[in-house]
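Notes to accompany the following structure.
One-based numbering, in listed order, for ligands and for the atoms of each. The figures that follow rest on heavy atoms only: side chains count, while hydrogens, waters and symmetry mates do not.
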Amino acid sequence: MTPAERRSIIESVSVTPILIEDGPLLNMQGVHQPYTPRSIIEVVTVDGTTGLGETYGDSAVLAVIEQFATHLPGRSVLTPNDLWALAAEVLRPDTVPAKLVENAPGHNIFGDNSMLKLHSTVVSAFEVAFLDASGHLLGVPVHALLGGKVRDRIDFAAYLFYRWDAHPQPDAPVDEWGAALDPEGIVAQAARMIELHGFRSLKLKGGVFPPDEEIAAVTALHEAFPELPLRFDPNGAWSVETSIRVARELEGMIEYLEDPCLGRAEMAEVHAATGMPLATNMCVTDFGEFPEAVALDSIQVLLTDHHYWGGLRATQQLAAVCNTFGRSLSMHSNSHLGISLAAMVQAAACAEGDFHACDTHRPWQTEDVITRPHRIVDGAIEVSDAPGLGVELDRAELARLHERWKRSDVRDRDDVAAMQVKDPTFVKPAVPHW
Ligand code: GKR
Ligand code: MG
């Protein structure tokens, strides 16, 4: 063993569940809760080097990553590839209750859950922490461990949401964004996002209101910002017929539609009928789903997400597959903090291919667990060349957000339950909804 290998041996691993403030953002299945769970991972080696990771905090994922973490001491952070074999060895149908597999990553907005996706989610969480620790041990950025960055800045899109002014709960956190429930509100939100962060690309989350109301909002965005690429994502809320109608009405205004309907065959039908480029984070959510999507021509843009595709190296592999089959890339996100954002930036920096601006929910988050939260300038984040992920844990904030988790009974993201606070008769909409 070399000296570096000796120092790379893991002494301890901690998984800290936290609750972070979240705004009342609407989507097709309800609204974000006032607080949403995340898990923060710290892997510490025998010489005190720490590697950080961040992933879902929903109870099913938390239970599995806590179980997995107990197997890591004694292993080396320099060998993240071994995590797959370890996952196969210790996370099996007889060791992981089926309900944990079904519920991970918790809120079911992308594809079906499976043992493969659970392994990918767990491996990713620890792979990021391993790479961060390795970068600190060797004094190099994570992108150097991934073969070097192919771009210096990562473009992000302003991720626009219909939203209420405030959550209905009296003690919920408040933010300054105000309501956005019509085209004027959405255009004003876009203008503020651009003013704050210089975004050069826009994405509207749809599936909230009947399609014609949302077409009006997209049209208003296009008229207000004609030079900015625009995309629109109703999370599979529409039928094939509605998707075809919306695609035709928005032709020339949007760069692509994201998951207008559910299903690879259905998406292919929409593309064949309209020529509209389609993107997904719902109908292709693991490598096994890719061949059919290519054969049917269901999608033209794949939204990667290292959190459930298996990590940063898996993102590079996915990019290679996309390049081979002529698909371009963007990146999916959920409410997240700066460790996830740092990992997203390093992943995008090392993924070859045609990248559209990535999604990030970060502008909606008011808190962070890193000492120097990222700044989005001119719609982009500079790829850090500092060792590891280039972020430092804010231990006081981590402790505060963990205390909040301990005092609360929120254990899962549940947009349906959050909507029921305002409307007790609300039920999760059947899909297709329109
Ligand atoms: O945050 O409400 C949301 C989004 O709808 C999120 O859950 C989706 O996973 O952003 C995602 C998407 O692109 O579908
Ligand atoms: Mg999407």
Would one find an N, O or S atom of [X], in either backbone or side chain, under 2.8 Å from the Mg ion (ligand 2)?
X    : result
D233 : yes
D359 : no
N281 : yes

Do H167 and D22 have a side chain donor and acceptor closer than 3.5 Å?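 There is no such pair between these side chains.
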Taking heavy atoms and a distance under 4.0 Å, where does [X] meet ligand 1: side chain, backbone, both or neither?
X    : result
K203 : side chain
D233 : side chain
S335 : neither
M282 : neither
L25  : neither
R413 : side chain

Would you name the N/O/S atom of E258 that lies closest to the Mg ion (ligand 2)?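 When I compare the N, O and S atoms of E258, OE2 is nearest to the Mg ion (ligand 2).
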Hey, what's the ring geometry for F126 with F68, parallel, tilted or perpendicular (30° and 60° as the breaks)?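 Rings of F126 and F68: tilted, 30 to 60°.
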Sub-4.0 Å atoms of ligand 1 with respect to non-hydrogen atoms of [X]:
X    : result
H32  : 1 (O), 2 (O), 3 (C)
N235 : 5 (O), 12 (C), 14 (O)
Y159 : 4 (C), 10 (O), 11 (C), 12 (C), 13 (O)
K205 : 4 (C), 5 (O), 8 (C), 10 (O), 11 (C), 12 (C), 13 (O), 14 (O)

Between F156 and H197, is the gap from one ring center to the other below 6.0 Å?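 So the answer is no for these two rings.
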H307 and side chain to side chain donor-acceptor pair (under 3.5 Å): which single residue from S333, S340, S124 fits?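 Exactly one candidate clears the test, S340.
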Charged N to carboxylate O below 4.0 Å: is that the case for [X] and [Y]?
X    : Y    : result
E367 : R38  : no
D359 : R231 : yes
E403 : R400 : no
R153 : D155 : no
D212 : R245 : yes

Can you see which heavy atom on D259 is nearest to which on C283, and at what distance?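 Heavy atoms only, the tightest pair is OD1-N, 3.9 Å.
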Write down the atom of G338, the atom of H374, and the distance for their closest heavy-atom approach.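 Closest heavy-atom pair between G338 and H374: O-CE1, 3.2 Å.
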Measure the distances from the heavy atoms of M28 to every atom of ligand 1 and state whether one is below 4.0 angstrom.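 No, M28 has no heavy atoms under 4.0 Å from ligand 1.
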Considering distance alone, does some N or O of H361 sit under 3.5 Å from an N or O of ligand 1?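 Looking only at distances, the answer is yes, because the N/O contact criterion of under 3.5 Å is met.
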Which option out of N281, D22, N334 puts a heavy atom nearest to atom 7 (O) of ligand 1?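 Checking each option, the heavy atom nearest atom 7 (O) of ligand 1 is found in N334.
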